[in-house]
2 protein chains.
Amino acid sequence: MPYSYEYPHPAITTDIAVFSLHQQQLQLLLVRRGQSPHKGKWALPGGFLEIDEDLDSCAKRELKEETGAADLYIEQLFTFGHPERDPRERIISVTYFALAPADKLTIRAGSDAAEAEWFPFDTLPELAFDHADIIQLAKERLAAKTLYSTIAFQLMPETFTLSELQSVYEILRGEALDKRNFRKWILSLNQLEETGGKRRNGNHRPAKIYRAISPGRVDIIR
Amino acid sequence: MPYSYEYPHPAITTDIAVFSLHQQQLQLLLVRRGQSPHKGKWALPGGFLEIDEDLDSCAKRELKEETGAADLYIEQLFTFGHPERDPRERIISVTYFALAPADKLTIRAGSDAAEAEWFPFDTLPELAFDHADIIQLAKERLAAKTLYSTIAFQLMPETFTLSELQSVYEILRGEALDKRNFRKWILSLNQLEETGGKRRNGNHRPAKIYRAISPGRVDIIR
DNA sequence: CTTACTAAGTGTTAAGTGTACACTATAGGC
DNA sequence: GCCTATAGTGTACACTTAACACTTAGTAAG
């Protein structure tokens with residue numbers, strides 16, 4: 001026990017709620033806990049902060065170690081610190097939410113976590129700790145942000161069609177959108193450009209392919 | 001040094017940016033540091049988390065201890081954790097922002113802080129640690145929230161006139177508002193009721209007095 | 001008591017934005 | 001060449017937002 005303090009110190013973790021879209025459903029990335037407490041239960045990827053490491057770096061590192069996911073859009077969500085939230089010791093969790101585009105879905109389980117897997121958001125397994133609360137909050141933040149920012153682009157692969165983009169918005173908002181109004185609106189943002197290519201996707205007219213003009217950015221709109 | 005851990009643990013603090021309106025200006029509550037580091041500099045009220053204390057409770061307790069302010073609207077803002085942000089040891093700060101109505105401006109310095117004082121937001125003194133960043137973020141959050149919530153009511157005393165309320169919105173948004181449009185809009189929210197009283201405030205027609213229907217609540221509007 | 005002064009209070013109109021809605025175009029498969 | 005499926009396009013109406021000026025009710029001074 002080499003680290004001593006005059007007053008008791010909590011431990012700090014980061015936990016990350018990673019969303020993606022797959023098979024027309026919102027998906028969440030979970031890892032199965034290999035150790036007590038809650039051994040065998042599913043949980044958000046995350047882990048303890050190293051003492052000289054920035055919070056954001058910790059979130060990205062843990063995500064990569066446990067699931068292989070890297071280079072995702074990520075932002076701080078909220079800090080959970082109820083005294084009883086972890087049975088081991090006092091642990092404060094700085095939580096994040098992240099978005100994975102459809103072409104970065106491939107994950108691999110890391111050394112810390114036995115397994116990593118995508119779950120449809122509507123049918124999540126039982127979750128460890130207070131992770132269900134974290135996920136709930138992350139979903140609300142994501143839904144709210146689709147209304148006033150270009151955050152949904154972060155769920156898209158590098159190129160996509162307007163129909164594919166509309167489908168993403170429909171899933172996130174949970175309602176059907178008018179095709180003409182959607183196209184007028186999304187193009188009026190001046191955030192998309194045509195690649196010139198077309199996508200043949202069945203026995204029907206092919207769709208123009210678009211890409212985001214600034215793929216890394218999330219702009220506030222309206 | 002009675003508290004030992006196998007791995008190093010950061011310390012946790014809460015820091016609170018309290019805003020108010022006074023003399024037609026946005027004001028921020030600061031305390032002068034009585035101890036090193038940054039002794040003598042002004043800083044946000046705040047302090048260390050106790051080991052069995054909730055984060056929100058810690059913020060409220062520190063605020064009361066250092067400034068006497070209590071029963072304010074308060075919400076979590078962001079968690080700052082850059083490894084070098086405090087020269088003593090690794091300290092993670094869970095920050096809050098709070099709003100004080102004009103009739104709760106009276107403060108008193110507590111035991112931990114030598115002095116507590118309101119400063120006009122435009123002329124803040126030099127600040128300790130990364131508190132300038134925290135304040136900047138808090139101001140942005142406050143400005144954004146006036147656009148889509150009833151948060152501005154938290155800056156009002158129990159009763160007020162529509163002109164006073166309009167003045168608050170004008171200060172927060174930094175622009176003049178049309179009187180008729182403002183009144184139409186604010187009354188259409190159905191969040192205000194007349195008390196029946198009138199306020200004589202000079203040599204002119206007295207104003208009707210209003211109060212918030214649910215003073216504690218902040219509702220999302222639009 | 002009359003007048004001057006000051007902030008409170010009140011409606012209408014034009015411009016702009018959002019919403020509803022149906023048909024044509026272009027490819028593949030048979 | 002005919003069928004089928006998704007891509008792609010424009011207009012009319014309703015509603016919301018923004019601009020704008022005068023009357024009212026009190027105080028104070030002469």
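Throughout, a chain's letter reflects where its sequence line sits, starting with A, and its residues are numbered from 1.
A close approach under 4.0 Å does not occur between any side-chain nitrogen or oxygen of A:Arg205 and OP1 or OP2 of D:dG8. An OP1 or OP2 oxygen of D:dG10 is reached within less than 4.0 angstrom by no side-chain nitrogen or oxygen of A:Arg180. Distances shown here put a side-chain N or O of A:Ser163 below 4.0 Å from the OP1 or OP2 atom of D:dA7.
Nucleic acid contact for B:Lys208: sugar-phosphate only, since backbone atoms but no base atoms lie under 4.0 Å from a heavy atom of the residue.
In this model, no donor atom of one side chain and acceptor atom of the other lie less than 3.5 Å apart for B:Thr195 and B:Thr159. A side-chain N or O of A:Arg183 and one of A:Ser163 form a donor-acceptor pair less than 3.5 Å apart.
One can place CG of A:Asn181 at 13 Å from C1' of C:dA22, the figure rounded to the nearest angstrom. One interatomic measurement links the two molecules: CG of B:Leu165 to C1' of C:dA8, which rounds to 15 Å at whole-angstrom precision. For A:Lys198 and C:dT26, the NZ to P distance is 8 Å, given to the nearest whole Å. We find that NZ of A:Lys184 is positioned 16 Å from P of D:dG8, with the value rounded to whole Å. As a whole-Å value, the separation of B:Phe182 CZ from C:dT10 C1' is 16 Å. Atom C1' of nucleotide D:dT6 and atom CD1 of A:Ile209 are separated by 15 Å, given to the nearest angstrom. Remark: P of D:dG8 and CD of A:Gln166 are 11 Å apart, rounded to the nearest angstrom. Going from atom CG of B:Leu162 over to atom P of D:dT24 covers 20 Å, rounded to whole Å.
With hydrogens and angles ignored, a donor-acceptor pair closer than 3.5 Å exists between the side chain of B:Lys179 and the base of C:dA8.
Distances from the side chain of B:Asp178 to the nucleotides D:dC20, C:dA20, D:dG26 place D:dC20 closest. Checked against D:dG26, D:dA7, D:dC20, the side chain of A:Arg183 finds its nearest nucleotide in D:dA7. Residue B:Asn203 places its side chain closer to D:dG26 than to any other of D:dT11, C:dG9, D:dG26.
Side chain of B:Glu170 to main chain of B:Leu177: a donor-acceptor pair is present (N/O by atom type, distance under 3.5 Å, no hydrogens or angles). Distance alone, capped at 3.5 Å, is enough to place a donor-acceptor pair between the B:Gln27 side chain and the B:His22 backbone.
The aromatic rings of B:Phe129 and B:His131 lie tilted to each other, with the angle between the two planes from 30° to 60°.
Where A:Pro206 and B:Ala207 each meet DNA chain C at their nearest nucleotide, the meeting point lying more 5' is that of B:Ala207.
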